[in-house]
Each structure stands twice: as C-alpha cells, then as structure tokens.
Amino acid sequence: MTTSEQPGTQRQRSRLGAQLLPGGRETRFRAWSTRAGRMCVRIGGESHVMEPRPGAYFETVLPVGAGTRYCFELDGQALPDPYARFMPHGVHGDSEVVDFSVYEWRHPDWTGRELAECVFYELHVGTFTPEGTYRAAQERLPALVELGVTAIQMMPVAAFPGERGWGYDGVALFAPFAPYGRPEDLMAFVDAAHGLGLAVFLDVVYNHFGPDGNYLTSYSPSYFTDRFHTAWGQGLDYAEPHMRRYVTGNARMWLQDYRFDGLRLDATASMQDDSGEHILHELARETHALGGRHILLAEDHRNLPELVTETGLDGIWVDDFHHEVRVTLTEEQEGYYGGFRGGARELAQVINRGWQYEGQFWNVTGEEHNRGRPATDLEAPSFVYCIQNHDQVGNRALGDRLHHFESVTLAEYRGASTLLLSLPMTPLLFQGQEWAASTPFPFFSDHIGELGQMVTEGRQREFAYFSGFSTLNVPDPQAAGTFESAKLNWAERGEGEHGRTLALYRHLLRLRREDQVLRERSRRFIRAGAVDTGAGEALWVRWETPQGVRVLLWNLTHTPLTPGLLALPFALPPEVLLHSEGDLHAPAALGELHLSPGEAALLAGPVEA
C-alpha cells in the first residue's frame, strides 16, 4: 500500500469480509483473528487456504463472483463472517458475496434534507405492512408523502437471529435482515423514497451486540472489554482499532452504499469510550466529511447539549417532552415518570428551555444523580420531540399506545398532537400514530429455546417498576401472535375517529410547512406559559416573527373554557387557524370558539404594533 493512496482506497483494500473486485469475476476474502493459526474460506464444500499476513490477517483472492455463498474456517471450525454483507439463511448460516453496483439508482442527484426540514416517521419494516418487507413498505411511501412527513426513521435492519424482532439485538451489522428482503430491495426502498422527496434514516446499534449469533469473539476476544458493561452485556472496546473500524465502517456503508440520509444512534449513553477521541466524535467527524447532508441523531436521556456543540452530532431524541406530555394526560408516576409532574407549567418549562432537567437532581430509584445541563446554545431542530415512539409504546406491558390509556380521550390525544406538530422542534411520529391506530406495539422476539425464556424474564426484571409487568397478562414476546398483533391495520385509517385524526395530522403538517410563522425553526420566536382558569391551568405557546403572531391554547383543565375570557399576558390574535376538534376547513370565529377539556386551538394575527 503506497503512501500516495487516498484513505478511501486504503480502506477498501483493508476491508474485512468478502469484497468483489473490479470486473466482478474475483472476490477478495480477508479476515482478522488473534485466535486462529490457520484460516480457510469454504465455498460449496471446498476449503481454500487463506494466506497469513502480518498483524493476524488472512487473505486470498478466488475466481468467484456475486451470489457466492461462503463461510470461514478457523483451525477447522466453520464460522459465519461477522463482516458479511448479506446472510440469506440467517446469522448462523453462510454469507453471500454482494455486488453493490448491481442496483441502478434512479435518483442519484438526491441531495438530502436539512434537519430543520425533517418531520420523522418511525417505522418497523416487519409490522408496517402485512407482508413485512421492504417492497411492501415501498408501496406505502405515497401515503406518507400525502400525510406530510418528510423523513423516514427506520428501526434497525442489521441481521439478528430468528424471523422476527425489533432489531436491537443485531449481531451481523453489515448484513440487512434477510426476511425483510435482499440488499437491492433495501436500496430500492431508499431510492423510491428519495424520488418522492423523503429522506431516509436508519436506527443503528453501536452500544451492544445481541446474545445470539455474535461471532466476533470467536475471531478475537479484544473486540470487547471488561472495562465497561452495559445493561445488555459486555462493553465494546472502542480503543481496539478493529472494533472502532467495525463501527465507523458500518456507518459509512449505510450512508454510502445504501445512501441513507442519516443515522439514529441507539443509547449513546452506553457507548463508553476511554480512547483519545470518543467514538461519537469520530463518527460525527467522518460522517460530515462524506459531504452532502448526512445527519447523526443521538438517543440519549442525559440532556447533554455538548453532544451537539462539542461532539458534533446534529440532534438528540429528548425524553423530557414525551414524559411531561404523558404524565400530564395519564398522571402516571411509576418508574422514570416519577421524575416528572406534568401539567401546563411543566410543559411550558420544557418548551422554553428545550428539556426539563438542566442539572436538577433526578430522584428516580436506582438512578439518583444530577441530570442534564442548560441547552441555551441549541436551536429548535436539534431537539427531536415525540408523544410516541417504539420504546415508549413497546416497553409497556401490553404495548399500548398513548390513546389506548383508559383515561386519555381522543380529544386530549389530538390536542397533544396539535402541540407536537406546531412547535419548531423536530417532530417524530410512530407508525400508525397519525390515525390513532388500534393495533398495539408489544415487544416481540424469536430466540431459540432457553434464551427466549431468559429474554422474557430479563424484560420483566428490567421494567419491574411498572406494575403492569406483574399485574397484567403480558403477551409472550416469543409467540408469533404477539408479532402479528403489532402489524398495522391500514384498512381502518379512513374510518370514523381514525379518519378524523388522520385529517387533523394532514392539516397540521400542511400548516407546519406552509404557514409563514409556524414554518420558522428557531426557539427565539416562541415562549410558553400557563394560565390559571380557576378550574385548573391551560397551556399557551406564543410565536412572534416579522411575519406575524400565532398562539396555541391547549385546555388541560376538566371544564370547558372560552379563549377570550382567559387572563393572558397578551392580546389574542383574531383569526382561528385550527381547532383540534372543529371543522378543519371552516373553523369557528374567535368569539364563538370554546375549548372542551383536551382540545387545542391555533390562532393567527399580524405583528402587534
């Protein structure tokens, strides 16, 4: 390797696994193992010796092309390739040589979207459609465009054991999960989304590997370390160059070969690293060096603005907004909900400050510490807000959605939706949320034998502070019926209250996109507060930009209220833009507007003199 070669060329030549060479008639097989004294690649029952190279590498070039099935032999023991680009028969089977150039991109000029333009729609490929495939999901993309979202957030697709699961127990991170379709099917999905103006993000898990099918330690124990531990097992050793390159190379593959627009990094608080440059910083640096508009988002409960301002990530999934909304509507105080009081004043604090905890003591059993720092330097798009996501639904005992909770009315649900979609922060919807789907999203998996029982028992321990896990008939995660129950029922989306909710979401997203005030994406234009009605408090949010004034009112009391009679610290704008339970096309005049419990309204007017 000459010193004049570009870094990309060096990376290609040093890539582990199977790499199809130019011309498509030969493949380089390359592996790294500190355990093996002799290594072969086995194809069609025949073993081919790999030449040892300095640094514990083994390599050979064979006259085989794309589609070839293979495995490695370490001192005679056949093992899957942990760097495989596709594993058609699962994580314990043979790998397949992949030609990434076989797919002809129809929209190669797609330039992506800025984070400020994103309205995320989180989907799980296996339950988004009855078929549970990339191709079936692709057919539903026009419906998402019609809804008004602009970015898809795909739950993990890296190969994991079994035929069904959430994807957070991936073990072959370079291989798309075979039951969803082939690599070119995934490329076609991303390509079709780009053609419709949708950005596509992928959820990736770089904080742990699943308990079944992780063969990295069979090649070398130094991928992992006892210096760190996560809730899911042994810590990844990012100080080990091969583990570090495994993660950074994986990110590059999704962004370059599959052309994803960005990545959502799962549980970044568990990505512990004591090396000179934190792995998150390197991921951000390398991702942004690729050019274009690639975006990295962190799922991180710590409320640390430096993840954006110093580490270089682009945004953070913010738990506090979801939790305050949920506690406001349900009054739940179990588990981490015990750290939130809910209500109009608490919601206003989150909106004004970005999140609730800025260093206050987090007094939740087992997690007592000072949590968070002020987010003064973060702009609105860096906060990803939601009222539902896969965790906050799926980690409940029954997988019940917010509107399934017995005390939450559809009016309250639609009021919360109005708040979420009108704020300048980046909103995220969870599949089916837009029509108040009747289907739950329980946890499901497909682990073999005793491991499946261990996973079930582990979840019961992990969420023991939620009483539902001990008092309710929790669906068996291993049962196929639990998985089937999570599949969306698309036939209901236009019916009754489902159709009414869907119409509201479409209208809100149109206003978010087209209204000259609501389309501003800066925190400096908004402030929020609470007003005492005598029967409780209502939430208000006020926007003032050079283009005009907007006010949102959300009735969080148990009695009807008349906006014009509220003792607000400002005059109400005269025009009713939207009433969450009213006629979307002909809203009532301000003098005739009344908000029943849970209802919200958006008002509009010119800048005050």
Side-chain angles (χ1 to χ4, degrees), residues 116 119 318 320-329 342-356 375 378-381 383-387 411-427 504-505 507-509 511-513 515-533 536-557 561 563-564 566-582 587 590 593 595 597-608:
V119 175
V318 176
D320 290 15
F321 178 80
H322 169 273
H323 296 348
E324 289 289 11
V325 169
R326 176 130 202 145
V327 172
T328 296
L329 297 184
R345 292 189 185 278
E346 298 295 302
L347 279 170
Q349 171 76 2
V350 170
I351 293 167
N352 287 329
R353 303 297 297 172
W355 45 49
Q356 184 67 263
L378 297 188
E379 258 298 6
F383 300 86
V384 179
Y385 279 6
C386 73
I387 61 172
E412 290 173 324
Y413 176 72
R414 289 190 280 251
S417 302
T418 302
L419 174 65
L420 171 70
L421 296 179
S422 59
L423 293 174
M425 292 71 168
T426 302
L504 175 66
Y505 268 75
H507 196 78
L508 283 166
L509 287 170
L511 284 176
R512 179 182 184 85
R513 184 173 61 250
D515 183 83
Q516 58 184 351
V517 174
L518 297 181
R519 69 187 181 193
E520 290 287 348
R521 298 289 175 262
S522 176
R523 295 170 65 196
R524 70 181 185 273
F525 295 125
I526 66 166
R527 62 189 179 102
V531 57
D532 191 343
T533 69
E537 292 182 331
L539 174 71
W540 59 263
V541 183
R542 186 175 185 272
W543 293 252
E544 183 172 358
T545 76
Q547 289 73 38
V549 172
R550 302 291 181 266
V551 171
L552 177 141
L553 298 173
W554 187 14
N555 183 3
L556 295 175
T557 75
L561 61 81
L566 295 176
L568 293 162
F570 49 80
L572 284 178
E575 180 188 356
V576 179
L577 269 185
L578 176 143
H579 176 199
S580 61
E581 296 298 309
L590 180 60
L593 179 65
L595 298 180
E599 296 183 1
L602 276 167
L603 312 178
V607 176
E608 297 175 0

Backbone N or O of [Y] within a donor-acceptor pair of the [X] side chain at under 3.5 Å?
X      : Y      : result
Arg523 : Asn352 : yes
Arg527 : Arg524 : no
Ser580 : Ala600 : yes
Trp554 : Ala601 : no
Glu324 : Gly342 : yes

Problem - Side-chain donor-acceptor pair present, Gln547, Thr545, cut-off under 3.5 Å - result: yes
Look up atom [atom1] in [X] and atom [atom2] in [Y], then write down how far apart they are to the nearest 0.5 Å.
X      : Y      : atom1 : atom2 : value
Leu509 : Leu504 : CG    : CG    : 9.0 Å
Leu511 : Leu577 : CG    : CG    : 6.0 Å
Leu603 : Trp540 : CG    : CH2   : 13.0 Å
Leu552 : Leu578 : CG    : CG    : 9.0 Å
Leu553 : Glu599 : CG    : CD    : 12.0 Å
Thr426 : Glu379 : OG1   : CD    : 10.5 Å

For a 4.5 angstrom cut-off between non-hydrogen side-chain atoms, does [X] reach [Y]?
X      : Y      : answer
Asp515 : Leu602 : no
Val517 : Phe525 : no
Pro424 : Ile526 : yes
Leu419 : Ile351 : yes
Leu420 : Val325 : no
Pro427 : Arg512 : yes
Leu572 : Leu566 : no
Arg542 : Val549 : yes

Show the nearest heavy-atom pair for residues [X] and [Y], with the distance to one decimal.
X      : Y      : answer
Arg521 : Ala380 : O-CB, 3.8 Å
Thr328 : Gly343 : OG1-N, 2.7 Å
Val531 : Ala567 : CG2-O, 3.6 Å
Pro563 : Leu590 : CB-CD1, 4.4 Å
Arg513 : Arg519 : O-CD, 3.9 Å
Leu539 : Gly529 : CD1-O, 3.5 Å

Handout entry: Chi angles and distances behind the side chain to side chain contact (heavy atoms under 4.5 Å, CB included) call for Val551, Phe570
Key = CA-CA 10 Å; Val551 171; Phe570 49 80; 3.7 Å; yes
Practice task
Can you label the angle between the Phe321 ring and the Tyr385 ring as parallel, tilted or perpendicular, going by 30° and 60°?
Solution key: parallel
Problem - Contact list for residues 412-424, test salt bridge (charged side-chain N to carboxylate O under 4.0 Å, His left out), sequence neighbours left out - result: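 The answer is Arg414-Glu497, Arg414-Glu581.
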Practice task
Check ring pair (Phe, Tyr, Trp, His ring centres under 6.0 Å) between Trp543 and all other residues, then give those that pass, not counting sequence neighbours.
Solution key: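 For Trp543 there are no ring pair (Phe, Tyr, Trp, His ring centres under 6.0 Å) partners, ignoring immediate neighbours.
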Handout entry: His323: partners by ring pair (Phe, Tyr, Trp, His ring centres under 6.0 Å), with sequence neighbours left out
Key =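 Tyr336, Tyr337, Phe340.
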